[in-house]
Amino acid sequence: MSPVRVRFAPSPTGFFHIGSARTALFNWLYARHTGGTFILRIEDTDQARDSEEFLRLIYDSLTWLGMDWDEGPNANGIGERGDYGPYRQSQRADVYKLYLEQLQNAGRAYEKDGAIWFKQLGERYTVFDEHRKKEVEKVKSDPVVIDDKIRGRVERAEDEDFVIFRSDGNPVFHFVNVVDDIEMKVTHIIRGEDHLSNTSKHIRLYEGFGVTLPAFAHLPLILKSPGMGQGKMSKRDKGALIEEYRQRHFLPEALVNYLALLGWNPGDDREKMPLAETVRLFDLPAINQSNAKFDSKKLAHMNMVYLLEQPADRFVALAADYFSKQPGGAAALADGAYFREIMLLAQPKIKSIDELAAYTAYFFAEDFPMDEKVRAKVLGKGDPKARLHELMAALPAMDFASDAAIESAIKLLAEGNGLGFGDYQAVARLAVTGTNAGPSITSIFRVLGRDRTLARLLRFAAVA
RNA sequence: GUCCCUAUCGUCUAGCCUGGUCCAGGACACUACCCUUUCACGGUAAGAACCGGGGUUCGAAUCCCCGUGGGGACGCCA
């Protein structure tokens with residue numbers, strides 16, 4: 001058995017979406033599992049739609065997700081690697097010319113309407129195609145048998161000639177895809193099920209070139225989320241773009257973990273697992289045959305689980321990176337020690353990094369918003385104003401050294417008035433943060449410091 | 001319309017290959033309760049599925065067939 005060589009072959013014609021990422025991931029996982037080679041090949045044969053910006057997005061997205069390629073084009077200064085380059089189809093015209101000549105010499109290519117067509121072998125007949133609303137010529141030939149690693153044996157009987165070179169002289173996907181897979185010695189073609197019906201064309205091409213077939217594995221598709229319509233997920237769907245998760249500062253390892261579980265599982269109940277473990281267990285036969293709907297809530301949960309276990313330093317670094325990209329975020333970063341304390345308070349509370357700005361806003365500004373509903377609720381219960389004044393009176397003498405010290409001071413105050421901690425907690429939180437959600441009030445007091453806490457209590461008491 | 005793939009809780013799925021251990025297990029979501037100093041986390045509990053019909057068999061979620069549902073392809077896009 002020759003060493004595994006797989007490839008991910010995107011075209012830079014649009015944003016990098018979740019389906020592409022999953023295809024890339026499964027190829028990457030299979031390469032790493034088998035100790036094989038992961039090739040990145042850019043299929044930029046559509047001059048009208050290709051763009052350098054989208055090309056960069058492919059490199060950046062793969063890198064962000066942690067999928068390194070062993071062979072591939074010169075990307076972001078990495079330099080071209082591999083012995084079968086160039087790895088951009090726009091630079092491989094001479095190779096395609098050679099393969100075309102081979103087909104022409106064998107009588108398997110002909111010209112029509114300025115384009116070059118691949119000629120199928122077999123009995124020809126015409127039929128009216130309801131879908132295309134025109135007569136088409138079909139070829140009755142020996143059935144093509146696809147031995148699919150995921151689906152088993154798939155058989156297709158009908159063929160049609162198809163274009164391999166456009167009238168503008170550029171080769172078409174089916175042709176270049178097969179030629180490069182041959183040239184680059186790809187052993188396993190792992191791609192979405194939407195290509196399953198193309199595969200018979202591709203197999204005919206392999207036969208035309210007289211080479212042996214690679215193994216095929218057609219992945220189930222990722223469908224729209226429940227309630228978001230029918231069909232496969234498209235670039236236009238909410239949550240479909242990798243870029244979106246990157247901008248929202250999702251953890252790439254969480255996204256990768258979620259994506260790995262969309263159509264594959266380790267065979268037991270584990271869901272959150274280290275990448276190395278996924279690599280160890282991943283294999284083609286374990287991949288599901290049916291499509292899966294995308295569930296952003298489950299992804300969000302996975303992200304939270306990963307966030308929770310981040311070491312303090314990494315979490316603070318992630319938070320700092322996030323704030324640095326927020327409007328006005330620089331102010332929050334001004335005091336590093338203060339920033340760190342706040343972020344660590346927030347870490348166990350949030351589901352994703354992009355909640356941080358709103359969740360911690362009151363630490364960084366005095367003009368934080370007041371939640372009117374919460375205000376009405378808190379002020380409508382007991383005698384919060386009295387509690388507020390008792391607290392303000394006690395504050396100057398309070399020990400702010402630790403959460404525990406603040407807690408016992410407030411408890412002492414409460415006991416003295418025949419009350420409980422909770423009687424002070426709600427109104428103090430409202431006065432100091434404007435809301436009813438957040439870290440413990442003692443830690444907020446401590447981090448804010450006595451002066452700022454007292455000032456906020458005073459200000460609130462004045463208008464309450 | 002033609003061809004191809006597919007079918008277990010709302011969703012992701014285990015179980016199916018090698019029929020009995022499954023009145024079907026886990027996770028997300030939802031609900032309730034517990035924990036609690038708010039909000040989360042966490043814990044416990046509840047509800048929730050073998051698409052339908054035929055067969056094969058002592059026995060079918062598991063094997064076969066037919067329906068139906070879902071998905072894909074049918075471009076001088078990839």
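The sequence lines fix the lettering, A, B, ..., with proteins before strands; numbering per chain opens at 1.
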- Take nucleotides 5-12 of chain B nucleotide by nucleotide from the 5' end and write B, S or -, depending on whether a protein heavy atom sits under 4.0 Å from the base, only from the sugar-phosphate, or from neither. SSS---SB
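Here A/Arg459 pairs with A/Glu366 under the salt bridge (charged side-chain N to carboxylate O under 4.0 Å, His left out) rule; sequence neighbours left out.
If you check every strand for non-hydrogen atoms under 4.0 Å, A/Ser167 touches a base. At a threshold of 4.0 angstrom between heavy atoms, the contacts of A/Gly422 with the nucleic acid are absent. Here A/Arg270 lies out of heavy-atom contact (under 4.0 Å) with every strand. Heavy atoms of A/Leu221 sit under 4.0 angstrom from primed sugar atoms or phosphate atoms, though from no base atom. Counting any heavy atom pair closer than 4.0 Å across all strands shown, A/Pro439 reaches a base atom. Heavy atoms of A/Gly231 sit under 4.0 angstrom from primed sugar atoms or phosphate atoms, though from no base atom.
Ion pairing between a basic and an acidic side chain is recognised when a charged N comes within 4.0 Å of a carboxylate O; A/Arg124 and A/Asp161 show such pairing.
In this structure, B/C30 makes no Watson-Crick or G-U wobble pair, since no nucleotide meets both defining distances under 3.5 angstrom. Across all strands shown, B/U62 forms no Watson-Crick or G-U wobble pair with both distances under 3.5 Å. In this structure B/C39 sits in no base pair that meets the Watson-Crick or G-U test at under 3.5 Å. Taking a pair to require two hydrogen-bonding distances under 3.5 Å in either a Watson-Crick or a G-U wobble arrangement, B/C3 pairs with B/G72.
Residues in residues 143-152 of chain A take part in these salt bridge (charged side-chain N to carboxylate O under 4.0 Å, His left out) pairs, two or more places apart or across chains: A/Arg151-A/Glu193. Sorted by first then second residue, the salt bridge (charged side-chain N to carboxylate O under 4.0 Å, His left out) pairs that include residues 401-426 of chain A, not counting sequence neighbours, are A/Asp403-A/Arg446, A/Glu407-A/Lys411. Counting only residues at least two apart or in different chains, side chain to side chain donor-acceptor pair (under 3.5 Å) contacts with residues 285-300 of chain A comprise A/Glu271-A/Lys298.
For A/Ser440, the side-chain atoms get nearest to B/U38 when compared with the rest of B/G1, B/U38, B/C76. You'll find that the side chain of A/Asp129 is closest to B/G1, out of B/G1, B/A78, B/C76. Of the listed nucleotides (B/A78, B/G71, B/U37), B/A78 has the atom at the smallest distance from the side chain of A/His195.
Within the 6.0 Å centre-distance limit, the rings of A/His202 and A/Phe173 are counted as a close aromatic pair. Annotation: A/Phe294 is in aromatic contact with A/Tyr258 [ring centroid separation under 6.0 Å].
Judged by the 6.0 Å distance and 45° axis criteria, A/Lys201 is positioned over the aromatic ring of A/Phe162.
Distance, A/Lys297 NZ to B/C30 P: 5 Å, rounded to whole Å.
Neither OP1 nor OP2 of B/U37 sits under 4.0 Å from any side-chain N or O of A/Arg429.
Contact annotation: side chain of A/Ser197 to base of B/C3, donor-acceptor pair absent below 3.5 Å.
Annotation for A/Tyr206: atom OH counts as buried by contact number, over 12 foreign heavy atoms lying within 6.0 Å.
On the P atoms, B/G71 is 13 Å away from B/C12, given to the nearest whole Å. Using atom C1' as the reference point in both B/U36 and B/G42, the two lie 11 Å apart (nearest Å). For B/C9 and B/A46, the C1' atoms lie 14 Å apart once the distance is rounded to whole Å.
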For nucleotides 40-47 of chain B, print each protein N/O atom paired with a nucleotide N/O atom at under 3.5 Å, atom names and distance only.
{"from": "B/A40", "atom 1": "O2'", "to": "A/Lys349", "atom 2": "O", "distance (Å)": "3.1"}

